[in-house]
Amino acid sequence: MATKPKLFYFRGRGRMESIRWLLAAAGVEFEEEFIETTEQYEKLLKDGRLLFGQVPMVEIDGMVLTQTRAILSYLAAKYDLYGKDLKETVRINMYTDGTLDLMLMIAVAAFKPPAEKEESLALVVKRAKTRYFPVFEKILKDHGEDFLVGNKFSWADIQLLEAILMVEELDASVLPEFPLLKAFKTRISNIPTIKKFLQPGSQRKPPPDSHYVEVVRSVLHF
């Protein structure tokens with residue numbers, strides 16, 4: 001029996017959440033080891049397992065992988081979520097890089113002082129409505145298919161749904177002016193593996209709270 005992938009990260013979203021999403025969408029069960037103390041983190045460093053001294057880290061297929069983009073690319077290719085050829089792959093890369101930019105804005109805001117955090121999150125909603133969502137609305141219109149690339153479910157669809165849901169947590173009224181994105185959200189959310197991941201009790205993590213922020217700060221000393 002194959003060993004389940006094992007994920008090493010804090011007990012929250014951060015840069016690991018997209019990895020959780022991709023594995024869940026592929027129907028792959030995984031285990032997690034949460035980093036909650038400086039000692040746990042320093043042990044990973046001492047053991048030489050963190051290539052650049054950073055998490056996320058994933059144990060899979062006899063390898064220890066670090067660097068979020070590398071992990072996601074490997075998983076997308078492994079589980080046939082990376083397009084049928086180089087032209088589809090590069091489009092998937094463009095779309096996932098775009099949604100990652102948007103999601104990182106949300107992740108970074110969690111660690112800012114309250115006044116700056118509120119301003120940063122308001123900017124996220126504005127950027128989503130004026131820069132990112134119009135692009136994906138046009139992609140869906142021009143492509144005319146159920147999915148972003150080709151006519152097949154891919155990593156790009158998974159990460160766009162993740163980004164949409166994160167922005168909706170900030171402003172539940174963000175989608176009505178984007179009817180194709182609204183339909184896309186419903187369609188992708190009903191894919192069985194995605195639907196399961198969206199249910200209570202799954203390994204999907206909630207938005208970062210003050211406890212999560214303090215744990216990360218205390219472990220990483222910032």
Practice problem: Start with the C-alpha distance between I106 and V167, add both sets of side-chain angles, then the distance that settles side chain to side chain contact (heavy atoms under 4.5 Å, CB included), and finish with yes or no. | Solution: CA-CA 8 Å; I106 300 174; V167 175; 4.3 Å; yes
Self-check item: ILVMFWY cluster, V174 and L123 together (side-chain gap under 4.5 Å)
Solution: yes
Exercise. Measure the CG-CZ distance between L140 and F147 for me, rounded to the nearest 0.5 Å.
Key: 11.0 Å
Quiz item: Which atom pair, heavy atoms only, marks the closest approach of R217 to K112?
Solution: NH2-N, 4.3 Å
Quiz item: Looking at CD of Q40 and CG of L45, how far apart are the two atoms once the value is rounded to the nearest 0.5 Å?
Solution: 12.0 Å
Self-check item: Heavy-atom side-chain contact between F153 and I188 under 4.5 Å
Solution: yes
Exercise. Look at the side-chain heavy atoms of Ile, Leu, Val, Met, Phe, Trp and Tyr, link any pair under 4.5 Å apart, and say whether Y9 and L104 land in one connected group.
Key: no
Quiz item: Do Q159 and W21 come within less than 4.5 Å of each other through their side chains, counting heavy atoms only?
Solution: no
Quiz item: Quick one: do F34 and L50 end up in the same hydrophobic cluster if we chain Ile, Leu, Val, Met, Phe, Trp and Tyr together by side-chain heavy atoms under 4.5 Å apart?
Solution: no
Practice problem: Salt-bridge test for D80 and K152: reply yes if a basic N is under 4.0 Å from a carboxylate O, no otherwise. | Solution: yes
Practice problem: Decide whether L72 and L86 are clustered together by the hydrophobic rule: side chain heavy atoms of Ile, Leu, Val, Met, Phe, Trp, Tyr closer than 4.5 Å, transitively. | Solution: no
Exercise. Please name the pair of heavy atoms, one in E88 and one in G150, separated by the smallest distance, quoted to 0.1 Å.
Key: OE2-CA, 3.6 Å
Quiz item: Would you say K205 has more than 12 foreign heavy atoms packed within less than 6.0 Å of its NZ?
Solution: yes
Exercise. Kindly determine whether E162 and S18 satisfy side-chain hydrogen bond (donor to acceptor under 3.5 Å, both in side chains), including the steps that lead there.
Key: CA-CA 8 Å; E162 181 187 0; S18 290; 2.8 Å; yes
Quiz item: Nearest heavy-atom pair of A24 and F197: which atoms, and what distance?
Solution: CB-CD1, 3.4 Å
Quiz item: Do other residues, nucleotides or ligands put more than 12 heavy atoms under 6.0 Å from the CD atom of E31?
Solution: yes
Quiz item: Below 4.5 Å, heavy atoms only, C-beta onward: do V58 and Y74 meet side chain to side chain?
Solution: no
Quiz item: Side chain of D85, backbone of K87: donor and acceptor closer than 3.5 Å?
Solution: yes
Quiz item: If every non-hydrogen atom of G83 is compared with every non-hydrogen atom of I92, which pair is closest and at what distance?
Solution: N-CD1, 3.4 Å
Practice problem: State which residues pass side-chain contact (heavy atoms from CB on, under 4.5 Å) with Y132; sequence neighbours excluded, sorted by chain then number. | Solution: D101, L102, R127
Quiz item: Around Q199, counting heavy atoms of other residues, nucleotides and ligands shown, do more than 12 lie under 6.0 Å from its CD?
Solution: yes
Quiz item: What is the distance from atom NZ of K185 to atom CD1 of I194, rounded to the nearest 0.5 Å?
Solution: 13.5 Å
Quiz item: Any idea which heavy atoms bring T96 and A156 closest together, and the distance?
Solution: CG2-CA, 3.7 Å
Quiz item: Do L51 and I60 belong to the same hydrophobic cluster, where Ile, Leu, Val, Met, Phe, Trp and Tyr are linked whenever their side-chain heavy atoms lie under 4.5 Å apart, directly or via other members?
Solution: no
Exercise. Rounded to the nearest 0.5 Å, what's the gap from CG on L75 to CG on L22? Could you check?
Key: 5.5 Å
Quiz prompt | L161 side, atom CG; L198 side, atom CG - distance, nearest 0.5 Å | solution = 6.5 Å
Exercise. Heavy atoms only: give me the nearest A110-P208 pair and the separation to one decimal.
Key: CB-CG, 3.7 Å
Quiz item: Can you check whether S218's main-chain N or O pairs, donor with acceptor, with T38's side chain at less than 3.5 Å?
Solution: yes
Exercise. Flag the pair E17 / M166 as yes when at least one side-chain heavy-atom distance between them is below 4.5 Å, and no otherwise.
Key: no
Quiz item: Do T89 side-chain atoms and Y82 backbone N/O form a donor-acceptor pair below 3.5 Å?
Solution: yes
Exercise. Please step through side chain to side chain contact (heavy atoms under 4.5 Å, CB included) for the pair E168 and L175, ending with a clear verdict.
Key: CA-CA 8 Å; E168 282 192 318; L175 273 191; 3.5 Å; yes
Quiz item: Would the number of heavy atoms belonging to other residues, nucleotides or ligands and lying under 6.0 Å from NZ of K129 be above 12?
Solution: yes
Quiz item: Rounded to the nearest 0.5 Å, how far apart are CZ of F8 and CG of L44?
Solution: 6.5 Å
Practice problem: Answer whether the closest heavy-atom distance between the side chains of Y95 and F136 falls below 4.5 Å. | Solution: yes
Quiz item: Just wondering, do D157 and S154 contact through their side chains at under 4.5 Å, heavy atoms?
Solution: yes
Practice problem: With side chain to side chain contact (heavy atoms under 4.5 Å, CB included) as the test, would you mind laying out the steps for R69 and L100 before giving the verdict? | Solution: CA-CA 10 Å; R69 176 75 189 186; L100 179 61; 5.7 Å; no
Quiz item: Any side-chain heavy atom of R204 within less than 4.5 Å of one from L165?
Solution: yes
Quiz prompt | Minimum side-chain heavy-atom gap I19-L23 below 4.5 Å | solution = yes
Quiz item: Counting only heavy atoms not in E177, do more than 12 fall under 6.0 Å of its CD?
Solution: yes
Quiz item: What orientation do Y212 and F10 show, parallel under 30°, tilted 30 to 60°, or perpendicular over 60°?
Solution: perpendicular
Quiz item: Among E33, E32, E36, which residue meets the salt bridge (charged side-chain N to carboxylate O under 4.0 Å, His left out) test with R11?
Solution: E36
